[in-house]
Every structure is written in structure tokens, then in C-alpha cells.
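Each remark here refers to the structure printed beneath this line.
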Amino acid sequence: MFEIVKPALEHLPSYKAALERGWSPDNVRLLEATREQLAAIEEDPVAFLAGLDDPEAKGPPITLPDGTTAPRLPGFRRWIWDGEIAGSIGLRWQKGTSALPSHVLGHIGYAVVPWKERRGYATAALRLMLDEARVVGLDYVEITTDLDNLASQRVILANGGILVGRFAKLAAYGGAESLKFRIDL
């Protein structure tokens, strides 16, 4: 059985074990984010879980890869679950518009644990998250990917994504050329 679940204490041991194996749910900050999450889980598991569900953007500013900070957007995370953690998918948005500020690399980000890749989990999780995007009132979502991330590109295309074009990430993200896709809802 496959689903996306709201992170809860019952799922946390499996999630923590995946982090301890070196997996990162953050495709940008990678192992730095993994270390931060493990420390947050150790310090206060309930607060860690609460921070993953922030549709009112009450949490602290987000830290970009270059160390600068930016205002937090409303958003939440769901865990990809098949009886144990299979990955993570998140949605972020601005209230009242489908547009995103320039420092945000798309409405949806996802990562599947390496030992469960190629099972269709990312494709199915994205399809389910598109329903959540409709619920919060978005007309479309944008999703970005690195030029060489063919697996993610296939996931997006399988969910109706249309390539908008190439763009250069902000300097805070290293300035690399990337691809932007749009999925109309």
C-alpha cells in the first residue's frame, strides 16, 4: 500500500532511520538539512513534526544554501509511505496567488529514498500532491529540476507537466542553469 501521510510520531522512527542512512529530504541543502533534522528530532520530536505542517507560515525564516534567509511561505510536508518511509514531498505557496517569489524554486519538492527509487513513488506522490495544491487554491504549480535530473523530469511529465524553459537559479542557489515546468490545475 502506498500513500502520502501527514508526518506523525508513529512514522518518525522510520523517517529518522532513513536520515541516519544518509538520505536527505532536501534536494538543495542535502546533508546539512539531514543533520539539522536529526538534531531537531533529538531535541523535540513533537516540535519537529509540528514544523513540517505550517500552512500559516508561522515558522522562522528559511535559510537559503548561501546562508541568507528569506520569509517563510505557507506550506506543509507529507511523507511518502508504503509501511515505512519511502520519501518526502512538500507544497509551498503564496496566499492569494499562484505566483512564487524569485527565491522559491517551485511549489512542490520531493525526494525518494534511494533504496525505493524506480517504483513509481515520486510520480504517484506528485499526483496526490496536485490534489492538495488545488485545495489551497492554486491554478497551477511550478516545479524545477536540474538539467541532468532525468528521473524527476519524467515524474513531472507523467503528471502533465509542460516545460516552461531554462532559467538560471539565483546566486543564493549557486546560479546553475535549471529547468522550470508548469502543471495547470
Side-chain angles (χ1 to χ4, degrees), residues 4 6-7 19 23-40 47-80 87-112 122 125-126 129-153 155-157 159-185:
I4 57 173
K6 183 175 179 178
L19 295 174
W23 171 69
S24 179
D26 187 323
N27 294 322
V28 176
R29 296 181 57 243
L30 301 170
L31 292 179
E32 180 180 353
T34 297
R35 286 188 293 274
E36 288 172 3
Q37 288 197 0
L38 284 169
F48 169 76
L49 291 170
L52 298 177
D53 196 61
D54 191 6
E56 300 300 320
K58 293 180 180 180
I62 61 161
T63 302
L64 301 178
D66 69 352
T68 61
T69 60
R72 178 175 297 278
L73 293 181
F76 57 83
R77 221 159 254 279
R78 297 294 179 254
W79 287 343
I80 303 169
S88 179
I89 186 165
L91 174 66
R92 54 203 165 250
W93 66 92
Q94 286 194 108
K95 290 197 184 284
T97 180
S98 293
L100 289 171
S102 61
H103 71 275
V104 179
L105 296 177
H107 292 93
I108 298 174
Y110 50 87
V112 173
L126 178 54
M129 191 58 88
L130 293 175
D131 292 336
E132 300 285 344
R134 288 181 191 94
V135 170
V136 301
L138 295 176
D139 296 319
Y140 64 87
V141 295
E142 293 178 344
I143 305 173
T144 63
T145 181
D146 292 338
L147 296 176
D148 62 351
N149 191 341
L150 300 177
S152 189
Q153 292 168 37
V155 166
I156 297 164
L157 292 170
N159 278 283
I162 303 296
L163 179 63
V164 174
R166 292 175 181 239
F167 74 102
K169 291 180 185 175
L170 292 177
Y173 291 95
E177 190 174 10
S178 298
L179 298 175
K180 181 184 291 186
F181 292 84
R182 178 177 166 147
I183 301 174
D184 289 321
L185 304 173

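For the 3.5 Å distance criterion, the side chains of D66 and T68 qualify, holding a donor opposite an acceptor.
Contact annotation: the side chain of L73 approaches that of V104 to within less than 4.5 Å [non-hydrogen atoms, C-beta and beyond]. I143 has its side chain within reach of L126: a pair of non-hydrogen atoms, C-beta onward, lies under 4.5 Å apart. Between F76 and L91 the shortest side-chain heavy-atom distance falls below 4.5 Å. Side chains of R72 and P61 form no contact here, defined as non-hydrogen atoms less than 4.5 Å apart. Residues L130 and I108 meet the side-chain proximity criterion, which asks for heavy atoms closer than 4.5 Å. Under the 4.5 Å side-chain criterion, counting only non-hydrogen atoms from C-beta, P25 is in contact with T34. Side-chain atoms of L170 and S102, non-hydrogen and from C-beta on, do get closer than 4.5 Å to each other.
For the residue pair P7 and L49, the shortest heavy atom distance occurs at CB-CD2, 3.7 Å. Of all heavy-atom pairs between G109 and R77, the closest is O-NH1, 3.9 Å. The two residues T97 and L138 have their closest heavy-atom pair at O-CD2, 3.8 Å. Listed here is the closest heavy atom pair of G175 and A168: O-CB, 4.0 Å. In this structure, I80 and A111 approach most closely via the heavy-atom pair CD1-O, 4.3 Å. The minimum heavy-atom distance between Q153 and L147, with the atom names listed, is NE2-O, 3.0 Å.
With rounding to the nearest 0.5 angstrom, the CD1 atom of I162 is 8.0 Å from the CG atom of D184. Taken to the nearest 0.5 Å, the OG atom of S98 stands 4.0 Å off from the CG atom of D139. To the nearest 0.5 Å, atom CG of residue N149 and atom OG of residue S178 are 10.0 Å apart. Here OG of S88 is found 7.5 Å from CG of L52. Values are rounded to the nearest 0.5 Å. The distance from the CD atom of E177 to the CG atom of D148 is 11.5 Å, given to the nearest 0.5 Å. Within the model, atoms CZ of R92 and CG of L100 stand 8.0 Å from one another, a figure rounded to the nearest 0.5 Å.
Here the side chain of H107 pairs a donor or acceptor atom with the backbone of E142 at under 3.5 angstrom. With R78 contributing its side chain and I89 its backbone, the two residues share no donor-acceptor pair below 3.5 Å. A donor-acceptor distance shorter than 3.5 angstrom exists from the side chain of Y173 to the backbone of H103, with no hydrogens or angles considered. Distance alone, capped at 3.5 Å, places no donor-acceptor pair between the E56 side chain and the G75 backbone. Checked by atom type and distance alone, the side chain of T144 never pairs as donor or acceptor with a backbone atom of K180 at under 3.5 Å. Between the side chain of Q94 and the backbone N or O of A99, at least one donor-acceptor pair lies under 3.5 Å. For the pair D54 (side chain) and A57 (backbone), a donor-acceptor distance under 3.5 Å is present.
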Could you go through F181 and T145, starting from their C-alpha distance and side-chain angles, then the distance that decides it, and tell me whether this counts as side chain to side chain contact (heavy atoms under 4.5 Å, CB included)?
CA-CA 8 Å; F181 292 84; T145 181; 3.5 Å; yes
Apply side chain to side chain contact (heavy atoms under 4.5 Å, CB included) to residues T69 and I62 and explain how you reach the verdict.
CA-CA 5 Å; T69 60; I62 61 161; over 6 Å; no
Test E132 against V136 for side chain to side chain contact (heavy atoms under 4.5 Å, CB included), laying out the working first.
CA-CA 7 Å; E132 300 285 344; V136 301; over 6 Å; no
Evaluate the side chain to side chain contact (heavy atoms under 4.5 Å, CB included) criterion for residues Y110 and M129: first the C-alpha distance (whole Å), next the side-chain angles of each, then the deciding distance (0.1 Å), finally the verdict.
CA-CA 10 Å; Y110 50 87; M129 191 58 88; over 6 Å; no
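Among the candidates L163, V164, V141, the single residue satisfying the side chain to side chain contact (heavy atoms under 4.5 Å, CB included) test with R182 is V164.
Between D53 and K6 there is a salt bridge, with a side-chain nitrogen of the basic residue lying less than 4.0 Å from a carboxylate oxygen of the acidic one.
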